Amino acid sequence: MSDKDCLFCKIIAGEIPSEKVYEDDTTYAFKDINPKAKVHVLVVPRKHYANVAELAAADPQQLAHMAQVAQNIADQEFHGAFRLIFNTGIDAGQTVFHVHAHVLTGEKLDE
């Protein structure tokens, strides 16, 4: 399931280029175009969900898989340490309404 007007659905479909970091049958990860850390990767389910709460209610296994993908990226990039962020709603900074996890790593992060 996808949304024809969704930026991330278009990236997953290959209609918009991205710098792929990881992909499997359910998940796609790519570098953020405006990084906030040395390594800033977005982990996105292929199936369209508006936010993390919707994903957790519909498919908690996918949410767990996204966390594992984040861990794998951090293991490769920075001895396993990482920050995982989900913005949910406009007032929380969500700008693309297709759930995505921000994986920040590659350096020591301040609080």
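Because the structure is predicted, anything quoted here is derived from the model rather than measured. Residues take their numbers from the sequence shown, with the count starting at 1.
To the nearest 0.5 Å, atom CD of residue Glu23 and atom CG of residue Asp25 are 9.0 Å apart. Note that the OG1 atom of Thr105 and the CZ atom of Phe78 stand 6.0 Å from one another [nearest 0.5 Å]. We find the CG-CD1 distance between Leu7 and Ile11 to be 4.0 Å, quoted to the nearest 0.5 Å. Atom CG in Leu42 sits 4.5 Å away from atom CG in Asp32 (nearest 0.5 Å). How far CD of Gln62 is from CZ of Arg46: 10.0 Å, rounded to the nearest 0.5 Å. Expressed to the nearest 0.5 Å, how far NZ of Lys20 lies from CD1 of Ile12 amounts to 12.5 Å.
The side-chain heavy atoms of Tyr28 and Ser18, taken from C-beta on, include a pair separated by under 4.5 Å. Contact annotation: the side chain of Val103 approaches that of Leu84 to within less than 4.5 Å [non-hydrogen atoms, C-beta and beyond]. Contact check for Val69 versus Ile73: side-chain heavy atoms found under the 4.5 Å cut-off.
Residues passing the salt bridge (Lys or Arg N to Asp or Glu O under 4.0 Å) test with Lys38, sequence neighbours excluded: none. For Glu19, the salt bridge (Lys or Arg N to Asp or Glu O under 4.0 Å) partners at least two apart in sequence or on another chain are Lys31. Not counting sequence neighbours, the partners of Asp24 by the side-chain hydrogen bond (donor to acceptor under 3.5 Å, both in side chains) test are Tyr22, Thr26, His65. The side-chain hydrogen bond (donor to acceptor under 3.5 Å, both in side chains) test applied to Lys10 returns no partner, not counting sequence neighbours.
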Could you walk me through whether Cys9 and Lys4 pass side chain to side chain contact (heavy atoms under 4.5 Å, CB included), step by step?
CA-CA 7 Å; Cys9 288; Lys4 67 179 180 70; over 6 Å; no
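What you find for Ala74 and Ala81 is that their closest heavy atoms are CB-O, 3.7 Å. For the residue pair Phe82 and Ala67, the shortest heavy atom distance occurs at CZ-O, 4.5 Å. Between Val43 and Ala29, the closest heavy-atom pair is CG2-CB, 4.1 Å. Taking all atoms of both residues into account, the shortest heavy-atom contact from Val99 to Val44 is O-CG1, 3.8 Å. Contact record, His40 with Leu104: CG-CD2, 3.3 Å, taken as the closest heavy-atom pair.
Transitive grouping of hydrophobic side chains (ILVMFWY, heavy atoms separated by less than 4.5 Å) keeps Val21 and Val96 in distinct clusters. No continuous path of hydrophobic side-chain contacts links Ile85 to Val52 [ILVMFWY only; heavy atoms under 4.5 Å].
A centroid separation of 6.0 Å or more is found between the aromatic rings of His98 and His100. In this structure, the ring of Phe30 has its center less than 6.0 angstrom from the ring center of Phe8.
Sorted by first then second residue, the side-chain hydrogen bond (donor to acceptor under 3.5 Å, both in side chains) pairs that include residues 66-81, not counting sequence neighbours, are Gln68-Asn72, Gln71-Asp75. Applying the side-chain hydrogen bond (donor to acceptor under 3.5 Å, both in side chains) rule to pairs touching residues 80-95 yields nothing, sequence neighbours excluded.
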